[in-house]
Amino acid sequence: MAGLINFEDEKEVKQFLDNLGVEYSYQCYREKDPEGCQRLADYLEGVKKNYESTAQVLKHNCEVNGHSESCYKLGAYHVTGKGGVTECLKTAYSCFLKACHTEGKKSVDACHNVGLLAHDGRSLEGGPDATTAEKYYKKACDGGFAPSCFNLSALYIQGPAGAEKNMPLALKYAMRACELGHVWACSNASRMYKLGDGTEKDDQKAEELKNRARELHGQQKERQLKFGE
């Protein structure tokens, strides 16, 4: 049938991929379609392995079109200096912040990264900022991002400068992270119920959460084994 690609024919596959690149480039620069630019960036990164060109497209799509996923990926490039961009956590922070506040596939991940960088402090002039970390962890947690819920719980357990120690809130977010499948959050919540830390002591609840943590840990090991097969 006409139009079908014979993926066992190396030349035909190469021609197909080259045509895709031309199509995505046209969508991006002629039709000025932000999604086309993202497709072009994914193509250059995943198919061509041309990280310098990928970085240029991401920068264009983030700065000109404000595309959330491109801003997120550009931020990730700035974390490591990939594709010839400047290795700069401050620039990465700005990219993640823009991606966080723009709806997209990676906006929740971007909010988590803003929280991480604010918590760490190396991307900010004044050092660690627990208040900003708390704000963006909450935003990502509300979006269903388990690591942010867990980090928020840890923030309330530690009670660092700028964030009040609050064990009931620590338990609340540990439980949310546990619901989302975070094994260490289940373990922490179990211990809090066992000790009566931030809640009334409840041995039955502690045991249930302990078993949930074991179940999740077993699932993780099973996935790792399958991946290694």
Side-chain angles (χ1 to χ4, degrees), residues 1-118 120 122-123 136 140 143-148 181 220-229:
M1 289 176 63
L4 292 179
I5 305 300
N6 179 8
F7 286 99
E8 293 183 0
D9 186 324
E10 189 175 331
K11 288 179 69 176
E12 195 170 336
V13 170
K14 183 180 183 304
Q15 182 63 52
F16 170 72
L17 292 175
D18 287 345
N19 289 342
L20 269 185
V22 172
E23 181 182 342
Y24 295 156
S25 184
Y26 185 86
Q27 290 173 0
C28 179
Y29 294 111
R30 296 290 294 176
E31 296 180 347
K32 302 189 185 306
D33 176 14
E35 289 299 328
C37 292
Q38 183 58 50
R39 284 189 285 271
L40 177 60
D42 289 341
Y43 167 83
L44 289 169
E45 181 183 60
V47 177
K48 293 298 186 181
K49 311 296 182 188
N50 187 334
Y51 304 116
E52 289 77 11
S53 293
T54 302
Q56 291 171 14
V57 176
L58 292 173
K59 182 176 172 65
H60 166 80
N61 207 28
C62 177
E63 294 180 355
V64 175
N65 299 322
H67 191 274
S68 178
E69 191 174 351
S70 284
C71 291
Y72 172 81
K73 278 202 165 186
L74 183 61
Y77 270 47
H78 276 293
V79 169
T80 60
K82 190 174 180 177
V85 303
T86 307
E87 185 177 333
C88 178
L89 291 180
K90 190 173 181 179
T91 305
Y93 181 88
S94 297
C95 292
F96 290 139
L97 195 61
K98 191 170 184 177
C100 173
H101 288 287
T102 308
E103 191 174 336
K105 292 177 184 176
K106 290 291 188 178
S107 56
V108 172
D109 304 66
C111 294
H112 177 71
N113 286 358
V114 172
L116 284 176
L117 290 174
D120 173 84
R122 286 180 293 163
S123 62
Y136 285 97
F145 199 77
S148 273
Q220 285 180 358
K221 287 179 72 174
E222 187 178 336
R223 283 196 296 269
Q224 288 168 359
L225 285 171
K226 284 182 179 178
F227 183 76
E229 286 175 358

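One is the number of the first residue; the rest follow in order along the sequence.
Judged purely by atom type and a 3.5 angstrom limit, Lys48 has no side-chain atom pairing as donor or acceptor with the backbone of Glu45. At least one donor-acceptor pair under 3.5 Å links the side chain of Thr54 to the backbone N or O of Asn50. In this structure, the side chain of Ser123 does not engage the main chain of Tyr93 through any donor-acceptor pair within 3.5 Å.
Atom CG of Asp120 is separated from atom CG of Leu89 by 7.0 Å, given to the nearest 0.5 angstrom. Here the CD-CG distance, from Gln56 to Leu40, works out to 10.5 Å after rounding to the nearest 0.5 Å. Expressed to the nearest 0.5 Å, how far CG of Leu20 lies from OG of Ser25 amounts to 12.0 Å. Here the straight-line distance linking atom CZ of Phe145 with atom CG of Asp109 works out to 4.5 Å at 0.5 Å rounding. Interatomic distance, Leu117 CG to Arg122 CZ, rounded to the nearest 0.5 Å: 8.0 Å. Summarising the geometry, atom CG belonging to Leu116 is positioned 7.0 Å from atom OG belonging to Ser148; distances are rounded to the nearest 0.5 Å.
Across all their heavy atoms, Ala140 and His112 have their closest contact at CB-N, 3.8 Å. Heavy atoms only, all atoms of each residue included: Thr102 and Gly66 are closest at CG2-O, 3.4 Å.
Between Tyr24 and Tyr43, the angle of the ring planes goes over 60°, which puts this pair in the perpendicular group of the 30/60° scheme.
Side-chain contact check for Gln27 and Glu23: at least one donor-acceptor pair (N or O, by modelled atom type) lies under 3.5 Å. Residues Thr91 and His78 bring no donor and acceptor atom of their side chains to less than 3.5 Å of each other.
Among pairs with a residue in residues 61-70, those fulfilling salt bridge (Lys or Arg N to Asp or Glu O under 4.0 Å) read Lys59-Glu63, at least two apart in sequence or across chains.
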Exercise. After noting the C-alpha distance and the side-chain angles of Asn113 and Tyr72, does the key distance pass the side-chain contact (heavy atoms from CB on, under 4.5 Å) rule?
Worked result: CA-CA 9 Å; Asn113 286 358; Tyr72 172 81; 3.5 Å; yes
Table please: side-chain donor-acceptor pairs of residues 94-101 below 3.5 Å, with sequence neighbours left out.
| residue | atom | partner | partner atom | Å |
| --- | --- | --- | --- | --- |
| Ser94 | OG | Lys90 | O | 3.3 |
| Lys98 | NZ | Cys62 | O | 3.0 |
| His101 | NE2 | Tyr136 | OH | 2.8 |

Could you give the side-chain donor-acceptor pairs of residues 31-38 under 3.5 Å, partners two or more places apart or in another chain?
| residue | atom | partner | partner atom | Å |
| --- | --- | --- | --- | --- |
| Asp33 | OD1 | Glu35 | N | 3.1 |
| Asp33 | OD2 | Gly36 | N | 3.4 |
| Asp33 | OD2 | Arg39 | NH2 | 3.4 |
| Glu35 | OE2 | His67 | NE2 | 3.0 |
| Gln38 | OE1 | Ser70 | N | 3.2 |
| Gln38 | OE1 | Ser70 | OG | 2.5 |
| Gln38 | NE2 | Asp42 | OD1 | 3.0 |

